[in-house]
Each structure stands twice: as structure tokens, then as C-alpha cells.
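Written below as C-alpha cells is the structure these notes are about.
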Amino acid sequence: MNQHNTTSHPKPESARELSAQYNPQAVEQDIFAQWIKATNGFHASAKSPAKNSFSVVIPPPNVTGALHLGHAINGTIQDILVRYHRMCGDATLWMPGLDHAGIATQAVVERTIFEKEKLNRHDLGRDELVRRIWEWKEKFGDRILEQLKRMGSSCDWPRTRFTLDDVCARAVREAFFKLFHDGLIFRGLRLVNWDTHLQTAVADDEIYYETIKGQMTSIRYPIADRRDGDPEFLVVATTRPETMLGDTAVAVHPEDPRYKHLIGREVEIPLAGRNIPIIGDGLLVDPAFGTGVVKVTPAHDPNDYATGQRHNLRQINLLTADGKVNDAGAGTFGGRRYDYTGLKFATEARRAILEDLEKLGLIAEAKPHEHEVGHSDRSKTPIEPYLSEQWFVKMSDVDGGITLANGHNVSGLAQAAIDAVENGGVKITPDRYSRGYVEWLSKKRDWCISRQLWWGHRIPVWTLCVSWNDLTIERIKSDESQLSGRLRESAGAIRTYLNQHGISDADFNIQDSVAKMQLVLCTRTPAADARLAELKTVLERSETSVPRIESVMQDPDVLDTWFSSALWPLSTMGWPASGTSDAPEDQILSRFYPTSVLSTAREILTLWVARMVMFGLYCHGDIPFRQVYIHAVIQDGQGRPMKKSLGNGVDPVDIIESHGADALRYTLASMATETQDIRLPVVKDKVSGKNTSPRFDAGRNFANKLWNASRFILSHLDISTAPSDSDIQSLVASPSADIADRWILSRLNSTITRATGCINQFRFAEVAAAFYQFVWNDLCDWYLEIAKPRINRKDTVVQQVLLYVLRATLALLHPVMPYVTEAIWGKLPDGSGTVKMLVVSPFPTAHAALDNPQAEKDIDLAQQITRAIRDLRNSHNVDLKRKLDVVIQTESADTAANILACRAIIEPLSNAGILTCDPKAIPPADSASALVPGVQIFVAGIVDKQAEAKKISVRQQELTRLIAAGKAKLANENFVSKAPHAVVEGLRQQLASQEAELQAVEISLIQYSAAT
RNA sequence: GGGUGGUUAGCUCAGUUGGUUAGAGCGCCGUGUUUACACCGCGGAUGUCGGGGGUUCGAGCCCCUCACCACCCACCA
């Protein structure tokens, strides 16, 4: 483990006194504080003079618990983008915040309270439970924000939002009101997924399936109006016999010859003793499955519900909110009374019903059957489909279309979001995810937005039940139009009342429900709510009250979490505008909306992303982001998702403490490929007991390498002024310029170009690879080693190149590794790093004048030759201190010249002296040889002739094979005529070079073989 | 059942429109402590690119098919 952990900061180091190991713990928190100070908390100003804007909203983490590596990879990606654009000079905003995560958080808190205090939410009451959840939110919210900061996230911290805070609430109210006003919100009875334990509806995505070993029971339903030739029974198979008391039909396939003549007739439900029709339905019934007869229970099964809609069937609900049979669960059959009221639905009632059927001899068959049963993710109990009154947002097309905030008319909300992706306004990367997005939206299923919870935005709808002394139910039935008129009158009275109390017409909307003798009132402001809350008593006191208000009640439910999340880009930026034109928040919206990129996880592409697009267009008339990047999913070493329940989660802060934030970020970035699934072996650290992964060593080592290379460079600099771009360009243009200088600057240049392109294309793994290659291989392994002789003799040119390259490298790597680069930046000898922090310094740009393909090619050859000589030394066990004599035979004079130009590189790095380098060079008598394409290298005096002969003969065979293959290819007319000219020409050249090499090899072979 | 992605070195993964002899990191083998770094240097070995078929002058890459893995969507009375 790291021996250098210290709690106190070491005293400031001078450039020459940097520690031999980079110690992240010593610098990170201090640097973060300095960034905050230098940037006013990374605060983005709408008034920035910058030409371009770049903005990102964070996918707000749930306050259910701490962040894991999935959040960390997304945070890293966003911070890379944001830091890069900030350095490019763009006005840059990264909006941070947290999500209240309705059901998830409430369930966690309820569970915790129950475990500790044995109290449920009803014991506590609404206000107290909500207060407890707020406490939880403060604790975990702070923890999450702290985790993000430790990672170095450069969010606009002063703007940190929470989906339940006032700013967000205002947007929620506005959006809801607008939807309500436009008739896009409605209340309806629907089958919802009901959690009988938490007594709430849960979303589809909050359900997981478990395979249950159940029983498939075939039950005989007597045919009620039996005629000659009819069977006595229809046999119906079911896994849920307890729902049979709610059957309102049995269905057969309309073309099934066994049954189609029975369509329109009736069966009697056993136990219930009720007659129900036999219907034909080709969608519900698969004639090949089971008996081909299906019982239809619209109130307790989604498919049956849909069937019920098609055939206009009754819906009989059998269930109470807490999962028991209600008073509809009884009947008389065969002269006997059966009553299951009060029994637990899927357990006790099922058992009792099966027993009774058994006694009646109506069970035709019972066999074990495995099937999937939906369970609530929150309570871990089975889900019941449950008929319940819920609020919905209309997603389907509507007559006359809907008008978006930009004035455009579209057929419906879902269609608006589909269009945005299909016409390219919102671009999804990787592109393949567009399809799932469009397909999901194309179903245009209405969005159930009400949740029977206490933690969330309360639904701003009030129901007013009204009555009149002279208007009885009987009279209403005979004269519905009179009630309608009376309701309108009452609405007018309430409106007048609200107006008189300072609530303008713009802040509420009244609709009447004749069927229920109700007025339904949607409010837009808390002030309107306050007036309504007092309305009942006021009207009771009033003698002039025409209608009698029986009850005034705000809907007890809260909104689906995704409703407020869907407004996140708008609400955090201050939508709706407050009306004052100079309010700073309004300017944020116009400056930074639409945002540039949304980086998120794929599983919420539909639930969240699609709905943001929809609301963005509907509420504000513009898409919320131009690009969506779907990042990779991190799994453990066995390919399982990281989950608390599996105990395989890794806390980013643990990695930061063991390896450093840059190591975390670099490693995650290097794994961010388009493959989408990243396996990260997780091990438990024996000392700390915390989960970690050896993979993060790569990032730690890389940060340390950069640290040490910088330490080396800084400790050898005598110059105190960094060369400018033009200084460096004229330096490489000079005829006497060093080839290694030209080379490293060319490498730097192409690395900048490559990295910039990759960042813009979200190819983060490639960015990391490019950095690694440049810093570790090019700079450390080669350039610094090559330059050492010049460094030691205090050459000022090499110092200029070193300082220039170091500065550019630090800036280049900063978006990925902000801490270590900033730490080194502060030590620059020209003092620039102490004047202006790297975080606000410009990102390096590539300069065409620095590109030098010839130098790259020459150095590449020099590297190969150096390696070959080192290999010979190694394989012949020659002491490092012994200088080798080398003869190089080349295939051309040009190659020889190029090699000699790199003599000052090859010789010291291989501790060798080149005696001759020439196409006609004659190999020394006793020499070991090595082969580099186009070049034969001979080292005198270390020969092992047998080994040589063997090695050379292997190469001879390889060359013979390659030449034969190449010749065959060139002999193929199709190849010569169809392949691109460059490819054919390349092969010709290669072949020529291989033939030359073969010739030389064969001569050597004769030599070595003859000698043995 | 529908869809998407994957299967390349012992492990984790790259491989950018099909084009010369397929790459990296880790691990492994050998070696070295020369004042940037042992969280290091130097050198090396390692692959029938999941199986089969096809298109093409040419396939890790394109098409078909099979097998296995993962995820998303829909779910069976």
C-alpha cells in the first residue's frame, strides 16, 4: 500500500525538491480549493464574451445512496468534455444537482425506520415521514456532492440544484398546468402495477421478474345455456385461479373449429355463480396453447384489460389496496355460498378457491408450472395488476395536434420526441440506440404520472365535491343538463372567489365532471393552493353560497420522479422565466439552452432522455440537448452489474484514497469504449476491507510516470521563459535543427490532433491510449533518453523543446488528469503556473509547421535498429558496459544516410559504435546479426554460429514464404487490375525489399553454415 | 418471442470506410539497480481472430448459418 499517506500537507516544494513519487493525497484537496477560488466555483456566466457556449446538465444522482463506479465513469466523461471546452475558451456550464428519486428514496427511508424503530409510515404520518426523508437527503446528498468534488468535477457548484427545490417546483407546476390546460393530462382508471406492501403504483422499470414454481390449473366452467351436442364444460387453464371471481368473459380463437360455434353463448363461473359470455378474440388467444380457452379478468391482468377494452367488458376489481380480497370476492354456486373476502389474494384466497374447486370436482388438471412473476424492486413483494384511478399524460396523437412552445404543430407529444431524433436535431451516440428510442416512443403509451407516495411533488389538482339541496341524485339522472349548468355556475362562483383573493385566472383552471358531481381544479401557484385550502370553511360560513361544498381536497398523490427529471435542463436554468427581463437566470437559459451534450446510461434513454426531449419542445420550443452520449456499463469481473446486494460495488472515493483521483479518471476513461460492457475485476483489499480493483494501478502508474518525467525536466531547466509557438516553429525550421527535436514536436502535434478528434467523437479510450503512447513511449522511453546527453551539457535548445513540450503535454492531459497536471503546472520555472492556473489556460492547438513525417519515419528506423542491437547484446549475454562494434548493411544508400543521421541516437542508446553503414558494407568475420526490414546489422565478436544459422534460416524461410505469396498475388491479373494502385505499388516495393533481404540473408547463411 | 451488442494472446480489451507479416495494458520469461521514475529500465515469448459456409483479386472487418455470453423490449392463459 501507499507508504506516503500523510494527513498533513508537506511544506511547499520547489521544482527541484519534488518527491520521487506522485502523492495525490498531498495535493488534491488543496488544488480543488484553489480551482474553486480561481473560478468562483466553476461558475458559468451568461455574460461571458466567449463566442461559443458549451453546456452539460448532470444526470442528477438519486439521493438513495452513495455514488458507485457507474456514476464515476459518467462524471469523468462529462468533466473531460467540460474541462476541454473551458480550456478552448468556450463559455462553459456544467449544471450539477440531485434527484429526489421518489419511490426509491421513500422506500429506503421507510425500511430503515422500520428496521430501527419498528414504525411504518402510517405511524409517523405524512409530515413526519417527509421530514425524515429530508434528513436522509441532506446526509446522502452531501455525501454525493462530496464524492463528485473529490473526483475533481468542475461543476458550476453555486448553482447546485435538487429536483424538489423551489426552482424546480416552479417548473413542475408550470409544466403540469400547461399540460392540464391543453387537455394533455387526464385522470383514468387503469391497470397499474400495484405494490401491496408499500400500497403504491410502481413503474414498469421498477419491477423485476422472478421465476416461481407455480401450478397451472385447468378448471371446468359449466356451459350455462347448454344445447344438444355441446360439451358440458369449457376447460380453462390458469396460474391465477383466485382471479376467477373477477372473470367477465372467456375467450376462444374466432377461427378455432372446436369452439367457434360457441361464441356468443355463456358459461357460468364456478363459485361466483355468475354467467359470462364466450367471446372470440384472435389477439388474446393462441389456439395451440393449453386448451385454447382463456379466462378474461380485465381488472387483474394487462392482456385481459386490453381484451376488455376491445370487447367492452365489465371490470370487476377483487382487490383491496393492501392485497386482500374485497367484498366482490363472493358468490353463490350450486346453491352454496362462497365468500373469500378478507383473505390474502394470491395466497390464502388461491388456496381456498382451489380447495373448493377440488371438492366440486371442477379441476380437470393440475400440473407444476414455472413462470415469471413480477416483483416490486422496492419492497421485494409480488406485484398485483390493480385497477386504480391515476393521472396520465397523453402521449398519443390528438385531434388537431398540439402546439409546441415554438408555435409548431405536431400530432402528439411522443411524435414530437420521435421527430427530434429522426430529423437529426438530437443525435444519439452510439447511433444504434436511436432505434430503441424511436421504437419505444412509437408505442405512444400514455404516461402514468401519479404515485401513491408522500415524497415528491404533490399533484396540484384539487377536487371539489358539490351538492345542492334541491338537486337530488334522482333529479340529476333525469336531467343531466341541469347539473351541468349548476356545475358551471359553481365554477363561476369559485373563480370569482379566487379572483377576489388575488388569484388571477392565469393561475388556475377549472374543469367539471358531471358524472361525479365534481369540480376539478388545477392550480399553478402555492398561493392558489393556500386559497383553496381555506375555501371550504369560507364557503360554509357564507350565506350566499349557492352550491354547497361537500369537500375540498388536494390530490394526495405525488408526481412520478421522471416528471421533474424530464424538466431538469429547463428547471435548472430558470424556466419558466420570471417575467423580469433582466433576471440573471433567464439569461442562463438563453445562453446555455439547448445544452451541448447529455452523457447518460442506456437504461434511462427512454424513461428520462425521451421525456426531456418531449418536455423541452413542448414547454420551451426547443430540444434540450444536441447530442446524447450513452456511456459504457461497468460490471464486475464476472460480468455482473455492480449492485449493493451483490456486494461488488466500488466506492470512487476508496479508489481516490488508494490511487488518486487522476488514476480513477484515467483508468475509467481508458475503459470507455463503445463495446458498452466493461468488466472490472473487483477484489477486497485485505488491509482496509474495501472493494478495489487492480486495474486502477494503470492510472496510478501513469500519473506517476508523468510526475517523474516532469520532475526530471524541471530539475534540468536553466531557462525561465517558455518559447512561444512561433519560436518553436522557427527552431524546427532551422537547417541545423536536431532530428529528435523535430520528431518529438511532430509526435506532440499528431497527439494533439488525434486527442482533439477523439474527444469530439466521444472516443475516450483512444484519447487515453494516445496520451499513454505519447508520454510513456515517445517522451519518456525515447526522447528523454535521446536528449540526456544534450541535457547534461546544458544545451539551451533542448531545454526550450523540453519546456515547450512539457507545457503542451500538461495542458493536453489536463481534462483527463486535472490534479497531477495542475500540480506540475504550478512548478513551471517561468512562473506562469502560479500566475494562471492550468484549469483556465488554453488547450494546445496543433500547428501544421510541426508535422514531420520524415522525422517520424527516420526515428522509427533508428528505434528498430537500437532495439535490434540491444536484443543481440541481451541474447548473447554481453555486459552492458562493453561497447559493441556494429556494421550495418542497407539495401539503399538513402537508408544508410538516414541511419547515419540518427547515429547520435542509436549509438548511446545501444552503447555501440557504428563502424560502417553502407549498402556494400562487409560483415565482420565473427559477427552476430540481426534483421530489420531493409537493414542487416552485424555485431562483431559475439557470434554463436549455430544460433545465427538457425535464426537466419528461420528468417530465410519466412521471407521465402512471403515472397512466394507476394509473387502469386502480383501474378494474379485480377489483383493487379482491381486493387488500388497504391496497394499494388506498395506490394511491389515490399517484394523488392524482401528479395534484397533474402539475397543478403542467404549470403550470411552460407557464411555461418560454412564456418561450422 | 422481438431487438442490440459481444466471442481476437493466460486476463481485460483495441483494431477508424476490406489492403502489405493482427495490436495495447496487465500477467509471464530473461535481465538490469546508470542520480526522473522498481508505481522503473531493457529485451523476449505468446493468437487456426467462436464453428461452418459464402461474396471478393484480397475478410478479424461484408453476407448467410450455427453455438455460447450479456443487455434492452415484450411476455404467454
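As the structure is a computational prediction, the values presented were derived from the model and not from experiment. Sequence lines set the chain letters: A, B, ... in the order given, protein chains first and strands last, and positions in each chain run from 1.
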Please report the closest heavy-atom contact between G70(A) and I73(A), naming both atoms and the distance.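 Shortest heavy-atom separation between G70(A) and I73(A) comes out as O-CG2, 3.2 Å.
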Indicate yes or no: does [X] engage [Y] in a salt bridge with an N to O separation below 4.0 Å.
{"X": "E973(A)", "Y": "K978(A)", "result": "no"}
{"X": "D879(A)", "Y": "R882(A)", "result": "no"}
{"X": "E365(A)", "Y": "R220(A)", "result": "no"}

Under 4.0 Å between any heavy atoms, over every strand shown, what does [X] touch: base, sugar-phosphate, or nothing? Just pick one.
{"X": "E785(A)", "answer": "base"}
{"X": "R435(A)", "answer": "sugar-phosphate"}
{"X": "M216(A)", "answer": "sugar-phosphate"}
{"X": "D304(A)", "answer": "nothing"}
{"X": "L987(A)", "answer": "nothing"}
{"X": "A709(A)", "answer": "base"}
{"X": "K443(A)", "answer": "sugar-phosphate"}
{"X": "V296(A)", "answer": "nothing"}

V294(A) has a side chain; which of rA77(B), rC42(B), rG25(B) sits nearest to it?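 Side chain of V294(A) sits closest to rA77(B).
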Among rG25(B), rG30(B), rC39(B), which nucleotide sits nearest the side chain of A698(A)? rG25(B)
Who does rU16(B) pair with, Watson-Crick or G-U, both distances under 3.5 Å?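 None - no nucleotide pairs with rU16(B), as no candidate has both distances under 3.5 Å.
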Taking atom types as they are modelled, is there a donor-acceptor pair under 3.5 Å from the base of rC72(B) to the side chain of E603(A)?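 Answer no: no donor N or O sits under 3.5 Å from an acceptor.
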RNA chain B nearest-nucleotide lookup for T866(A) and L784(A): closer to the 5′ end is L784(A)
Quick one: are F774(A) and L813(A) in side-chain contact, heavy atoms under 4.5 Å? no
Which whole-number value in Å describes the distance from F702(A) CZ to rC26(B) P?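 Those two atoms, CZ and P, are 12 Å apart.
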